[in-house]
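Report on the structure given below.
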2 protein chains.
Amino acid sequence: MRGVVVQDHHVVVVGGGFGGLQLVNDLKGAPVRITLIDRRNHHLFQPLLYQVATTLLATSEIAWPIRSFFRDRPEVTTLLAEVVGVDSQAHVVMLKGGTTIAYDTLVLATGATHAYFGHDEWEPVAPGLKTLEDATTIRRRVLLAFEQAELESDPAIRDALLTFTIVGAGPTGVELAGIIAELARTTLPKEFRNIDTTKARIILVEAGPRVLASFDQVLSSYAHKALEKLGIEVRTGKPVTSCTAEGVTIGETFVPSRTIVWAAGVQASPAAAWLGAPSDRAGRVVVDKELRAPGKADVFVIGDTAAVMRDDGSPVPGIAPAAKQQGAYVAKVIWAKLSGQPAPGPFHYRHQGSLATIGKSAAIIDFGWIKLRGWLAWWVWGLAHIYFLIGVRWRIAVAWSWLWIYISRQHSARLITQRETMREE
Amino acid sequence: MRGVVVQDHHVVVVGGGFGGLQLVNDLKGAPVRITLIDRRNHHLFQPLLYQVATTLLATSEIAWPIRSFFRDRPEVTTLLAEVVGVDSQAHVVMLKGGTTIAYDTLVLATGATHAYFGHDEWEPVAPGLKTLEDATTIRRRVLLAFEQAELESDPAIRDALLTFTIVGAGPTGVELAGIIAELARTTLPKEFRNIDTTKARIILVEAGPRVLASFDQVLSSYAHKALEKLGIEVRTGKPVTSCTAEGVTIGETFVPSRTIVWAAGVQASPAAAWLGAPSDRAGRVVVDKELRAPGKADVFVIGDTAAVMRDDGSPVPGIAPAAKQQGAYVAKVIWAKLSGQPAPGPFHYRHQGSLATIGKSAAIIDFGWIKLRGWLAWWVWGLAHIYFLIGVRWRIAVAWSWLWIYISRQHSARLITQRETMREE
């Protein structure tokens with residue numbers, strides 16, 4: 001044990017995502033009590049959420065109860081509760097319902113949600129993908145579109161039902177488009193009698209000049225071609241200017257499309273508002289070099305809700321490894337402070353690589369020192385994701401689901417659930 | 001091939017449960033077109049639904065898209081649609097939205113839902129268990145009760161939150177009580193800091209004189225003792241007279257209990273009303289000996305929505321094997337009619353056995369020629385259910401989930417999902 005200076009120091013962590021969990025893990029053995037608050041009871045493995053939305057995986061294969069991680073850590077209390085504010089003068093966190101929780105050190109790791117660039121009215125017709133419910137909503141709408149097309153006698157409506165638009169060609173958009181295309185081309189054709197699902201249009205819209213813009217030009221072009229090979233219409237360089245229940249307007253052109261999925265913008269959680277702290281355009285708290293909220297020595301902000309810069313001035317990407325590094329870093333700062341050691345110096349982000357898949361056989365990977373594409377990249381991607389899943393139980397379950405899909409071409413989780421059994425027209 | 005007399009005979013089957021699927025299976029090769037209509041896109045393996053409600057299995061492990069079963073049967077069209085009526089004079093089925101579908105032979109296999117004996121106002125506080133959404137609702141409420149108790153400072157409210165009442169001690173009620181007890185006693189204790197989950201009360205209420213009344217006295221007594229060994233309070237001989245958000249009244253006694261699950265009554269689907277046919281008290285169509293609606297030669301009613309008697313005058317139980325036998329029988333009648341063969345004679349139900357589990361190590365089985373109880377019965381039960389799951393993919397997945405739970409005592413699917421993130425008080 002390191003030298004213990006402070007007894008009964010209370011660390012409150014808000015958010016059980018990658019950053020929050022890493023922090024709590026790394027504080028194991030520290031002279032602290034920890035309260036971990038999340039408004040959901042589960043940690044979500046967001047990198048695979050698109051596979052739930054597209055019927056490849058079940059919800060419980062990528063989400064695990066947060067409190068189960070800390071069953072053997074009696075100093076960690078997990079609370080299912082919604083934080084509605086922070087009083088950093090009084091050192092308390094306010095919960096919905098009126099309860100307050102005092103902290104000595106506060107870590108906000110509350111993540112981000114999707115953003116519609118000032119067009120929140122698009123959300124009902126163009127759901128984004130951040131929660132399990134988002135994923136089952138998208139799954140339901142995609143599957144219902146095929147079902148309704150099977151029943152539809154008007155050819156124009158049938159075509160609109162069989163047109164799927166994905167807005168945003170970052171990794172999530174590309175991955176969604178790839179699986180929806182394979183669902184239509186490979187899995188479903190033999191099951192419908194009145195429609196030809198192979199004729200379904202999958203349109204991937206990107207306002208910027210190219211798909212997967214965070215990758216270099218060569219990998220991005222490869223991905224573009226791989227998408228077109230899957231029969232996806234890739235439309236770059238024009239933004240979506242309108243989304244309705246009838247369709248989507250790309251630049252000036254209206255495309256009838258009954259199913260729209262939003263994979264474009266990101267908006268940070270309201271942590272900046274809670275703190276009265278300066279934020280960037282996406283609402284992220286502009287933190288100092290030790291990931292502290294400006295002027296608040298006891299409040300750290302990490303993950304997707306913090307605006308952190310790399311050494312070259314470019315922003316740290318909103319991906320799981322970045323959040324984990326920040327959680328680990330703040331744990332080090334807290335350890336150092338409580339044991340009277342010198343602080344570990346400013347946070348440095350190490351980029352380990354970028355990965356994206358296109359359907360069931362292609363992927364691109366940029367580790368910096370090596371770039372991969374094609375089926376080899378796809379296998380590296382799959383193995384990496386299985387490795388990063390939490391617990392051997394889930395690694396085997398997901399590996400089995402994928403193996404089965406690979407062999408049988410049959411998706412595992414084609415369920416239409418929740419109350420909305422038929423989409424409101 | 002048998003001799004074909006009638007060409008292009010159109011069989012319309014409403015309901016993709018055990019009875020409907022068996023019928024369509026057994027009509028393979030018959031000179032018919034088949035339209036299978038269900039308002040859900042999935043067939044549900046209802047015997048294991050309670051395991052979804054109690055966090056043992058994932059939704060997609062016990063539900064499969066109906067249309068996927070018939071991908072290689074081009075003469076079978078599957079429609080996701082809701083039937084709202086039947087015109088047996090005009091030989092058409094009416095769908096919600098106005099579409100009509102003409103039939104030559106109609107088979108109604110529309111199942112049943114739970115019934116509150118004239119107290120439908122109890123449903124919001126005491127959900128039943130018939131659909132996947134019912135199961136995730138119960139799962140959410142059970143898990144939320146523990147979460148809210150962890151946050152609650154008032155000891156009376158905390159006790160009410162930690163009191164779970166299951167109404168009805170048939171197989172479903174017994175199975176639910178057993179798993180909730182094990183969840184509280186085995187899985188959760190180490191994860192909470194402010195409450196002792198082992199102190200949770202699980203109350204199983206049965207208006208009749210004993211639990212599992214469809215089994216003989218010896219097995220029923222064994223089950224009663226096995227339930228008490230799990231710490232479940234079994235209350236027989238008094239009905240529930242009121243359910244509110246605060247608790248349940250058993251006979252005259254009010255018991256504060258924030259979570260109530262309804263496993264008592266059954267109400268058939270409105271098939272009798274569609275046909276204007278006579279029905280029994282549970283709303284089931286009273287069919288003739290060939291499972292036809294009275295006076296309608298072309299309309300069959302099978303499964304939970306039909307009142308069928310055994311040779312001794314007792315009712316055929318509402319279980320999967322009974323529905324399957326009826327589906328198979330009607331397929332035979334249709335085959336015979338279309339091939340000009342004599343009808344197969346009246347329907348006879350063969351009871352293959354009754355099974356029920358109590359928690360993770362006890363079960364009772366009555367095959368008639370042999371009665372089993374204890375761990376051996378439990379293994380027979382488990383293997384039988386794995387065997388009856390559809391497809392090797394799911395047999396392996398469920399076997400793996402169970403094996404993991406058996407080894408680790410960790411449940412697989414402890415997710416709180418859907419919009420209601422905190423229970424309305």
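Basis for what follows: all heavy atoms, side chains included, without hydrogens, waters or symmetry-related copies. By convention in this document, chain letters (A, B, ...) are assigned in the order of the sequence lines, proteins followed by strands, and residues within each chain are numbered from 1.
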Distance (rounded to the nearest 0.5 Å) between S68(B) OG and L188(A) CG: 10.0 Å

From CH2 (W64(A)) to CG (L415(B)), nearest 0.5 Å: 10.0 Å

Okay, L143(A) and chain B: the region with an atom under 4.5 Å from a heavy atom over there is side chain

Could you report the tightest heavy-atom contact between T187(B) and R71(A), atom names first, then the distance? O-NH1, 3.0 Å

If the condition is ring pair (Phe, Tyr, Trp, His ring centres under 6.0 Å), which residues does F45(B) pass it with, not counting sequence neighbours? F18(B)

Applying side-chain contact (heavy atoms from CB on, under 4.5 Å) to L80(B) and L144(A), what does each step give before you reach the verdict? CA-CA 9 Å; L80(B) 177 70; L144(A) 270 180; 3.3 Å; yes

Interatomic distance, CD1@I66(B) vs CZ@R414(A), rounded to 0.5 Å, equals 11.0 Å

Between H42(A), E191(A), R73(A), K96(A), which residue shows the highest count of heavy-atom pairs closer than 4.5 Å to chain B? E191(A)

Partners of Q46(A) by side chain to side chain contact (heavy atoms under 4.5 Å, CB included), sequence neighbours excluded? L44(A), L49(A), K130(A)

D72(B)/K190(A) under side-chain contact (heavy atoms from CB on, under 4.5 Å): CA gap, chis, key distance, verdict: CA-CA 7 Å; D72(B) 298 322; K190(A) 289 183 75 178; 2.5 Å; yes

Interface residue of largest heavy-atom contact number with chain A, from P74(B), S153(B), A397(B), under 4.5 Å: P74(B)

Apply side-chain contact (heavy atoms from CB on, under 4.5 Å) to residues L79(A) and E150(B) and explain how you reach the verdict. CA-CA 7 Å; L79(A) 297 180; E150(B) 176 80 349; 4.0 Å; yes

side-chain contact (heavy atoms from CB on, under 4.5 Å) assessment of R193(B) paired with R67(A): CA-CA 10 Å; R193(B) 304 292 170 251; R67(A) 58 173 70 257; over 6 Å; no

Between the side chain of N41(B) and the main-chain N/O of E147(A), is any donor-acceptor distance below 3.5 Å? no

Below 4.5 Å, heavy-atom pairs only: which of W400(A), F70(A), F69(A) has the largest tally toward chain B? W400(A)

Which portion of T78(B) sits near chain A, non-hydrogen atoms under 4.5 angstrom: backbone

So which part of T59(B) gets closer than 4.5 Å to some heavy atom of chain A, the side chain, the backbone, both or neither? both

At what distance, to the nearest 0.5 angstrom, does OG1 of T77(B) lie from CG of L151(A)? 10.5 Å

